[in-house]
Amino acid sequence: MEIFDIIDENGNPTGKTVERSIAHAEGIRHRTAHIWIIRRKNGRTEILLQKRSRNKDSFPGKFDTSSAGHIQAGDEPLESALRELKEELGIHAVPEDLQFAGKFPISFAKEFHGKMFRDEEIAFVYIYDQPVDISKLVLQKEEVEAVEWFDFEETCEGCRKNRDKFCVPSGGFEVVKKYLERQNQQIKE
């Protein structure tokens with residue numbers, strides 16, 4: 001059974017906890033860690049997206065953030081991000097490998113498998129830009145069906161138009177886009 005910290009509108013734990021199924025049945029705000037794996041190729045930024053397992057309780061079979069997961073009660077966002085990378089993709093990262101890019105809210109209610117799923121989250125976004133050979137990744141089959149590289153700009157636009165293929169939260173794209181702009185500005189200075 002997964003237990004989450006109930007959080008305020010800024011993502012800070014309130015001291016109360018909630019069980020996962022109740023959080024999603026009632027739309028109780030909690031935290032998640034999102035890790036975006038990026039690389040530069042031919043002058044463009046590419047992102048690694050995971051295709052969610054068909055048995056996931058939300059957005060089965062759709063392409064999503066590189067790696068993401070709930071932050072368990074008492075855990076910190078960075079430790080959760082490191083754990084998710086290892087569990088879902090077999091990447092053994094250390095804290096210095098992840099750069100905090102920002103956070104954003106997720107809020108929606110949608111029916112999956114005949115049941116309402118309410119999501120109220122604050123997502124903590126991290127960037128992982130170390131080299132990744134997708135043929136050597138160890139995918140957690142219960143979570144991830146496949147992984148694939150996508151052009152960042154094209155996918156950002158594609159996610160707005162093709163929700164049948166993608167379920168990447170638009171707020172994540174905005175956080176990563178601002179992160180990339182800051183990086184490019186630092187390179188120019």
Side-chain angles (χ1 to χ4, degrees), residues 31-54 56 58-71 76-106 108 121-189:
R31 300 181 297 174
T32 56
H34 289 212
I35 306 90
W36 287 66
I37 298 174
I38 64 172
R39 71 179 182 186
R40 298 289 292 169
K41 187 171 183 184
N42 301 324
R44 308 271 301 171
T45 299
E46 292 187 338
I47 52 172
L48 185 71
L49 297 181
Q50 66 163 265
K51 187 171 187 181
R52 295 169 63 84
S53 169
R54 301 241 176 238
K56 292 293 290 176
S58 64
F59 302 104
K62 296 193 181 198
F63 280 99
D64 199 357
T65 309
S66 308
S67 179
H70 290 98
I71 298 172
E76 292 301 320
L78 178 59
E79 71 180 300
S80 294
L82 293 167
R83 183 187 69 244
E84 292 299 330
L85 268 177
K86 184 178 175 188
E87 288 177 0
E88 292 183 355
L89 304 176
I91 294 174
H92 297 269
V94 295
E96 298 77 36
D97 292 336
L98 297 179
Q99 288 83 48
F100 180 68
K103 56 187 177 179
F104 70 96
I106 296 174
F108 72 87
E121 300 177 351
I122 300 289
F124 289 74
V125 179
Y126 293 89
I127 305 295
Y128 181 83
D129 61 4
Q130 302 298 311
V132 172
D133 179 348
I134 62 174
S135 69
K136 294 186 175 152
L137 294 178
V138 180
L139 306 182
Q140 183 182 20
K141 292 300 178 193
E142 308 83 48
E143 301 279 333
V144 183
E145 190 175 302
V147 293
E148 192 174 319
W149 287 106
F150 290 88
D151 180 90
F152 179 78
E153 294 296 331
E154 290 173 9
T155 306
C156 186
E157 190 61 31
C159 283
R160 288 190 190 100
K161 295 177 181 172
N162 187 356
R163 297 312 279 178
D164 292 336
K165 181 175 182 177
F166 299 103
C167 67
V168 182
S170 58
F173 276 106
E174 295 308 314
V175 169
V176 174
K177 189 179 282 189
K178 286 177 184 168
Y179 171 86
L180 293 171
E181 288 168 359
R182 288 191 305 267
Q183 293 298 105
N184 289 336
Q185 189 63 33
Q186 289 174 356
I187 292 169
K188 290 177 184 174
E189 292 175 353

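Owing to the predicted nature of the structure, the values given are computational and were not obtained by experimental measurement. Just the heavy atoms: all of them, side chains too, but no hydrogens, waters or symmetry mates, feed the values below.
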remark   = Residue set satisfying ring pair (Phe, Tyr, Trp, His ring centres under 6.0 Å) with F104, at least two apart, ordered chain then number -> H34

inquiry  = Quick check against the 3.5 Å criterion: does R52 have a side-chain atom that pairs as donor or acceptor with the backbone of F59?
reply    = yes

note = In terms of heavy-atom contacts, L89 and S66 come closest through CD1-O, 3.7 Å

Under the side-chain contact (heavy atoms from CB on, under 4.5 Å) test, residues paired with P131 that sit two or more places apart = none

ask   = What are the two closest heavy atoms between A81 and L98, and how far apart are they?
value = CB-CD1, 3.8 Å

ask   = L139 and A146: which non-hydrogen atoms are nearest, and at how many Å?
value = CD1-CA, 3.8 Å

query = If you look at every heavy atom in A123 and I106, which pair is closest and at what distance?
reply = CB-CD1, 4.1 Å

task = Measure the shortest side-chain to side-chain distance between L48 and L137 over non-hydrogen atoms and say whether it is less than 4.5 angstrom.
result = yes

query = Sequence neighbours excluded, which residues qualify as ring pair (Phe, Tyr, Trp, His ring centres under 6.0 Å) partners of F63?
reply = F150

Got a list of side-chain donor-acceptor pairs under 3.5 Å for residues 175-185, not counting sequence neighbours?
| from | atom 1 | to | atom 2 | distance (Å) |
| --- | --- | --- | --- | --- |
| Y179 | OH | Q99 | OE1 | 3.4 |
| R182 | NH2 | A101 | O | 3.2 |
| N184 | ND2 | L180 | O | 3.3 |

key: Partners meeting side-chain hydrogen bond (donor to acceptor under 3.5 Å, both in side chains) with E143 (sequence neighbours left out)   = K56

message = Using the salt bridge (charged side-chain N to carboxylate O under 4.0 Å, His left out) criterion, which residues pair with E87? Sequence neighbours excluded.
response = R83

task = Mind checking side-chain hydrogen bond (donor to acceptor under 3.5 Å, both in side chains) for T155 and listing every partner two or more places apart, or none if nothing turns up?
result = none

task = Using salt bridge (charged side-chain N to carboxylate O under 4.0 Å, His left out) as the criterion, list what pairs up with E145, not counting sequence neighbours.
result = K51, R54

query = Rounded to the nearest 0.5 Å, how far apart are CD1 of I134 and CD of E148?
reply = 7.5 Å

task = Please identify each residue that fulfils side-chain hydrogen bond (donor to acceptor under 3.5 Å, both in side chains) with D129, with sequence neighbours left out.
result = none

message = What I'd like to find out is whether the side chain of C156 reaches to under 4.5 Å of the side chain of D151, using heavy atoms alone.
response = no

task = Using the test side-chain hydrogen bond (donor to acceptor under 3.5 Å, both in side chains), find all partners of E84 that sit at least two apart in sequence or belong to another chain.
result = none

message = Could you measure the distance from the CD1 atom of I38 to the CZ atom of F152? Nearest 0.5 Å is fine.
response = 8.5 Å

key: Given E88, K86, Q50, the one that forms side chain to side chain contact (heavy atoms under 4.5 Å, CB included) with Q140   = E88

task = Begin with the C-alpha distance, continue with both residues' side-chain angles, and end with the deciding distance and a verdict on side-chain contact (heavy atoms from CB on, under 4.5 Å) for V147 and I37.
result = CA-CA 11 Å; V147 293; I37 298 174; over 6 Å; no

ask   = Could you state the interatomic distance from CD (E153) to CD1 (I47), rounded to the nearest 0.5 Å?
value = 9.5 Å

task = Would you check if L78 and E76 make a side-chain contact, meaning some heavy-atom pair closer than 4.5 Å?
result = no

key: Partner set under salt bridge (charged side-chain N to carboxylate O under 4.0 Å, His left out) for K136, not counting sequence neighbours   = D133

inquiry  = If the condition is salt bridge (charged side-chain N to carboxylate O under 4.0 Å, His left out), which residues does D97 pass it with, not counting sequence neighbours?
reply    = none

message = So if I apply the ring pair (Phe, Tyr, Trp, His ring centres under 6.0 Å) rule between F100 and each of Y126, Y128, W36, which one comes out positive?
response = Y126

